[in-house]
Amino acid sequence: MVLSSQNTIAGEATAEKTLLVVDGHSLAFRAYFALPAENFTTSSGFATNAVWGFANMLTRVILDNKPTHVAVAFDVKGGTFRNELLPQYKGTRDAAPEDLLPQIPVIQDMLRALGVTYIEKPGFEGDDVIGTLASMGERSGFRTLVLSGDRDAFQLIDDSITVLYPGHHFKDLRHMTPQSVVDKYKVTPQQYPDLAALRGETADNIPGVPGVGDGFAAKWLNLYGSLDGIIEHAEEIKGKKGEALRENIEQVKLNRRVNALVRDLDLGVDIGELVLSPPNITALDNLFTKLEFGPRTKSRVLKAFPDGFEDESLKAATDDTVEDDFEDPLVDVLDGSTDVESSVRAWVDEHIATGADRQDADPFWVLHAEGTTRYGVSTLKSLTLLAPDNHAVVLEGDWPSLVSDVVAALAAAHADGLAMHGYKEQSHLLSAAGIEVPLPWFDTQLAGYLVESDFHPDSLDAAAEHFLDLHVEEEETSSQGELSLDLDDDSDDGDATAAKIPAHHAACVAALVRHLRPMTLDRKQDDIMRRIELPVSRVLAGMESVGAAVDEGRLIGMRDRFATEARDAQEQAWQAAGRRINLQSPKQLQAVLFDDMQLRGTRKTKTGGYTTDAAALQEMVVRNVGNERATTFLVALLRHRETNKLKQIVQSLLDEVNHDDGRIHTTFEQTVAATGRLSSAAPNLQNIPNRNAAGREIRSAFVPGEGFVSLLSCDYSQVELRIMAHCSGDESLIEAFRSGADFHRYVASLVYEVPMDEITGDQRSHVKAMSYGLAYGLSTYGLAQQLKISPAEADVLKEKYFATFGKVHDYLEGLVAEAKDKGYTETMFGRRRYFPGLRSTNRRVRDAAERGALNAPIQGSAADIMKLAMIKADAELREHNMRSRIILQIHDELVLEVAPGESEQVTVLIRDAMEHAVDLDVPLDVSTGIGDDWQLAAH
DNA sequence: ACGGCTACGTA
DNA sequence: CGTACGTAGCCGTA
């Protein structure tokens, strides 16, 4: 029932006074789910995403709507009269994430600091407070805005009350007026609660009439005027839905009582007290410092409040902190009409002289190139030099190539103070202008990766946004907006204004240096940067630029052959299925397998259906011998899957061939894999098939290029196990490696306590799977599944294994324990990976984090060792003036292109570099092979 | 157009 | 219910 029907007094004349009423809980919920908690967590692990989102949303609404009065309503702990009516009411909200609730008091602290009144009324909900406030506003002649993500608020809407309702994106607010309610729901705001009672509200755990949504509810309301009208005529409503209505009529009546907002509470405040007043800056400062919000957040929030920037001392203080983090550079315009080289040289000299003015502990220059690289070909668009005194020059057009000497001289003179973002890509871009850059003193991309390896920004902008509190997408657009405004402002100065974007980016790099350098030192990642990442960057730049030669004709031949075979398999599958379904659609496959053919499914996918993956199909083949139609279909489908996949891989290679040099230039991503491994993209050359003959064939298309005679492939045997042996100090495992025997057979002989020559094939393969599973945190269940043995048998194997290699067991447990203690894992060389998930209360999350923490130091140490080997190998190839070169890395394998006459020497050299990259308690074993193509180089 | 999901290739 | 990746296609949502 409607508890009060207000007379509207609001009129045009009084509309200048505006009251903003905020539903505190709903806004906090929306903010929480709109922003990723992991990006908004203090160093002590307190989530701040809801606070941050709340602050920004409130600020935005205030700036956009300029209310004179503001109040925020909150729910109070403990039930309300609604729970008495409907015990399960808002039951689902108890499942609120545990890190949201503690943010509510913080939001209230913030509101107090901002001078915004917030109101709680025990026994009632925020919604009732909102209803009451809205009525108070209306009676006093205010225009009233209700900011709420709860649709119950729609019943308040009239000519003077508007609801601001967040859309799909938290940022977009819809202004809900009487008209927009009618447009969306086909009922008036007064009828809305009737509609909601019929439909129910999932978010509040309120069931409606089954099968009745907004559409039917609106139709009935328009027929009978109101819920009371519908109830009177309930018997007339036909069909299933009418029946459902009659069955649930009591529920609906109850719903209607629950969703009616109370609008006449005694809140003990006068509307005059809600006037927006100046914030308490000190309190806000303290709070924001505690929350680790940056100066930009603070200044943005303050802008929305009266006197936020009136106080000059405050203004200076705020600007100072902002400037300290970030400041767009002063772009000096050089006269390009005369001798560019000498004017750049003069500029550099001048700013070297003034560089010492800056109070940085380490004055540094930023070199920042922009451009593109594709198919191994780079195009340089601009080159920016940013001096320590924050003056910049931006060189565009043909200028960069004219100043290569200057840049080289600058780089050489300031190698100990040269910063850039992503040396590898920078070096590609600059080499397009003939500029050879030395390794920088600091690389902000690598630093960001070392400091937080789980976060990989895909651009400089994204890195700046993440690390410099330039939170969320709006920041980028606003700074871009400022730039484009500037473009309009001074039109006499085209070069300088266009130059502002690259100059701004260079300044981002400088700000990133200031932010990340202390973090890098604090987290002791400086050595990894200097000794591993920067040097390997240079090796990778060379590998990418050289590329891998392919026999394109052979690739085309394979592609066509695989395509024919896939079509053939498809035809067969269609025959058996009796219809031409899309074999690449799991949904259509499910229909054929589990509906048409009535086959029994195996495992489920996370979306509920039965999986159609290869393992499941294989199992179904075994289970359905005799069912000829099913067998034919399954076998054809498996063959289609395999050949079509191979076709796809070959096609992806063909798509990336550079037709000028006949080579494929992959990109080795150095800052993607959280463990420290490389990854390879466009195309991925680290997943070229190798496990069966048909796929391995693809490797034969990788050949030596012109001027080279063969490919050399060198790979580590069982590096990860050797790392475990070394790190655990397990004498038995160390001895297994020192003995030089067939490793898995040797281990099996220890585990099963029988002589090596009596080990069966099964025993060897079971032990081998166990050994490899160790580093993944393999469960007995998983082991059983993989070996197709019972979990009990798997458990026995595991027990025996750990009885034999006790220290390995202790070591693995120790890794997880240490990670739980410190919050991160470390490789043998100190590379860190943080694991916040270890503290999760969710078991699945925590178990996954534990497996990650077990694996990261092992996989990561192997990655470190390979990187060190690459650096050593590359240095020695140069030292010996050899033309042979590394072209690929596949985690534990290096592929080299061998120059004439160098075969023996390069094999020895690479083997040595890999075997002696580091000194462990076990030997590092490298196997090598050489041949006319990659497949033939296998060993 | 975009993102989630499924599937599958590698170490 | 084993780690780390990249790519392709489908399919529901924008």
Side-chain angles (χ1 to χ4, degrees), chain A residues 167-169 172 453-454 456 581-590 603-617 637-638 640-653 655-656 666-692 694-696 698-699 715-720 769-786 791 794 798 812 815 825 833 835 843-844 847-860 862-863 866 888-894:
Chain A
H168 203 77
H169 291 288
D172 322 324
S453 56
D454 278 282
H456 23 95
I581 61 157
N582 183 347
L583 297 181
Q584 299 189 108
S585 162
K587 203 178 153 189
Q588 294 180 41
L589 287 177
Q590 283 165 356
R603 305 172 344 266
K604 300 258 188 130
T605 64
K606 72 165 69 166
T607 41
Y610 283 112
T611 180
T612 67
D613 69 17
L617 298 179
L637 175 57
L638 280 162
H640 178 264
R641 279 266 176 83
E642 186 183 349
T643 49
N644 199 49
K645 178 77 180 180
L646 293 174
K647 184 199 82 175
Q648 172 263 108
I649 291 173
V650 175
Q651 186 60 52
S652 74
L653 295 177
D655 291 341
E656 297 291 340
T666 186
T667 301
F668 288 103
E669 297 291 351
Q670 202 183 341
T671 58
V672 167
T675 51
R677 272 192 178 181
L678 301 177
S679 74
S680 161
N684 182 355
L685 295 186
Q686 290 178 324
N687 73 342
I688 306 301
N690 197 22
R691 285 177 190 170
N692 60 55
R696 195 152 42 229
I698 299 174
R699 295 186 171 221
D715 63 62
Y716 282 118
S717 330
Q718 308 112 359
V719 239
E720 299 192 355
M770 177 72 210
S771 291
Y772 279 115
L774 283 182
Y776 300 145
L778 184 60
S779 65
T780 43
Y781 178 91
L783 185 66
Q785 188 112 72
Q786 191 192 319
K798 199 170 170 181
L812 295 173
L815 287 176
T825 60
R833 180 176 175 191
F835 283 94
R843 207 192 87 250
R844 282 174 50 86
D847 285 354
E850 287 183 6
R851 290 191 297 270
L854 183 126
N855 174 262
I858 300 167
Q859 187 182 120
M866 177 52 107
L888 298 176
Q889 187 252 43
I890 306 95
H891 309 304
D892 64 2
E893 174 185 8
L894 290 180

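Scope of the values below: all heavy atoms of this structure, side chains included, with no hydrogens, waters or symmetry mates. Throughout, protein chains are lettered first and strands after them, A, B, ... in sequence-line order, and every chain is numbered starting at 1. Owing to the predicted nature of the structure, the values given are computational and were not obtained by experimental measurement.
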Checklist entry - Can you tell me how far P of C/dA8 sits from CG of A/Leu653, to the nearest Å? => result 10 Å

Checklist entry - Under the side chain to side chain donor-acceptor pair (under 3.5 Å) test, which residues partner A/Arg641, sequence neighbours left out? => result A/Thr612

Checklist entry - Side-chain N or O of A/Ser680 less than 4.0 angstrom from OP1 or OP2 on C/dC5? => result no

Item to check | Side-chain (A/Arg699) to main-chain (A/Pro689) donor-acceptor, under 3.5 angstrom | outcome: yes

Checklist entry - Counting any heavy atom closer than 4.0 Å, what does A/Arg833 reach on the DNA or RNA strands: base, sugar-phosphate only, or nothing? => result sugar-phosphate

Next on the checklist: Please enumerate all residues that pass side chain to side chain donor-acceptor pair (under 3.5 Å) together with A/Arg696, with sequence neighbours excluded.
Outcome noted: none

Checklist outcome for this item: Those residues at least two apart in sequence (or on a different chain) that pass side chain to side chain donor-acceptor pair (under 3.5 Å) with A/Ser771 are A/Tyr801

Item to check | Those residues that, when tested against A/Ser717, pass side chain to side chain donor-acceptor pair (under 3.5 Å) (two or more places apart) | outcome: A/Asp925

Next on the checklist: Considering every strand and a 4.0 Å limit on heavy-atom distances, what is the contact class for A/Arg851: base, sugar-phosphate, or nothing?
Outcome noted: sugar-phosphate

Next on the checklist: Within the 4.0 Å heavy-atom criterion, would you say A/Leu685 contacts the bases, only the backbone, or no part of the nucleic acid?
Outcome noted: nothing

Checklist outcome for this item: Nt span of DNA chain B in reach of chain A heavy atoms at under 4.0 Å, 5' end first, is B/dC5 to B/dA11

Checklist entry - Contact class for A/Ala674 vs. all strands (heavy atom < 4.0 Å): base, sugar-phosphate, or nothing? => result sugar-phosphate

Checklist entry - CG of A/Leu815 versus P of C/dG2: gap in Å, rounded? => result 19 Å

Checklist entry - Backbone N or O of A/Ala681 within a donor-acceptor pair of the A/Thr666 side chain at under 3.5 Å? => result yes

Item to check | A/Asp655 or A/His891, whichever maps to the more 5' nucleotide of DNA chain C | outcome: A/His891

Next on the checklist: As a check on the pairing definition, encode DNA chain C in dot-bracket form, counting Watson-Crick and G-U wobble pairs whose two distances are under 3.5 Å, and using | for partners outside this strand.
Outcome noted: ..|||||||||||.

Checklist entry - How is A/Asp847 classified with respect to the nucleic acid when contacts are heavy atoms under 4.0 Å: base, sugar-phosphate, or nothing? => result nothing

What pairs of donor and acceptor atoms, side-chain ones from residues 645-652 of chain A against any protein atom, are under 3.5 angstrom apart with sequence neighbours left out?
{"residue": "A/Gln651", "atom": "OE1", "partner": "A/Arg559", "partner atom": "NH1", "Å": "2.7"}
{"residue": "A/Gln651", "atom": "NE2", "partner": "A/Asp655", "partner atom": "OD1", "Å": "2.9"}
{"residue": "A/Ser652", "atom": "OG", "partner": "A/Ile649", "partner atom": "O", "Å": "2.7"}

Checklist entry - Under 4.0 angstrom, heavy atoms only, what part of the nucleic acid is A/Arg691 near: base, sugar-phosphate, or nothing? => result base

Next on the checklist: For a quick check of understanding: with a heavy-atom distance under 4.0 Å over all strands, which category does A/Ala775 fall into, base, sugar-phosphate or nothing?
Outcome noted: nothing

Item to check | Side-chain donor or acceptor of A/Gln889 paired with backbone N/O of A/His891 under 3.5 Å | outcome: yes

Checklist entry - With sugar-phosphate meaning primed atoms plus P, OP1 and OP2, does A/Gln859 contact a base, only sugar-phosphate, or nothing at under 4.0 Å between heavy atoms? => result base

Next on the checklist: Test of understanding: with salt bridge (Lys or Arg N to Asp or Glu O under 4.0 Å), list the residues that count as partners of A/Arg844, not counting sequence neighbours.
Outcome noted: none

Next on the checklist: Taking the minimum atom-to-atom distance to the side chain of A/Gln786, which one of C/dA8, C/dG2, C/dC11 wins?
Outcome noted: C/dG2

Checklist entry - What nucleic acid atoms does A/Ala682 come within less than 4.0 Å of, heavy atoms only: base, sugar-phosphate, or nothing? => result sugar-phosphate

Checklist outcome for this item: residues 774-785 of chain A vs side-chain hydrogen bond (donor to acceptor under 3.5 Å, both in side chains), sequence neighbours excluded, gives A/Tyr781-A/Gln785

Checklist entry - Listed by chain and number, what are the salt bridge (Lys or Arg N to Asp or Glu O under 4.0 Å) partners of A/Glu850, not counting sequence neighbours? => result A/Lys820

Checklist entry - A/Ile581 has an atom CD1; how far is it from atom P of C/dC11, in whole Å? => result 10 Å

Next on the checklist: Here's a test of your reading of the structure: between A/Ala681 and A/Thr675, which maps to the more 5' nucleotide of DNA chain C?
Outcome noted: A/Thr675

Next on the checklist: What residues from residues 608-616 of chain A pass a heavy-atom cutoff of under 4.0 Å to DNA chain C?
Outcome noted: none

Next on the checklist: So, using ring-ring contact (aromatic ring centres under 6.0 Å, His included) as the criterion, who are the partners of A/Tyr610 when residues are at least two apart?
Outcome noted: A/Phe594

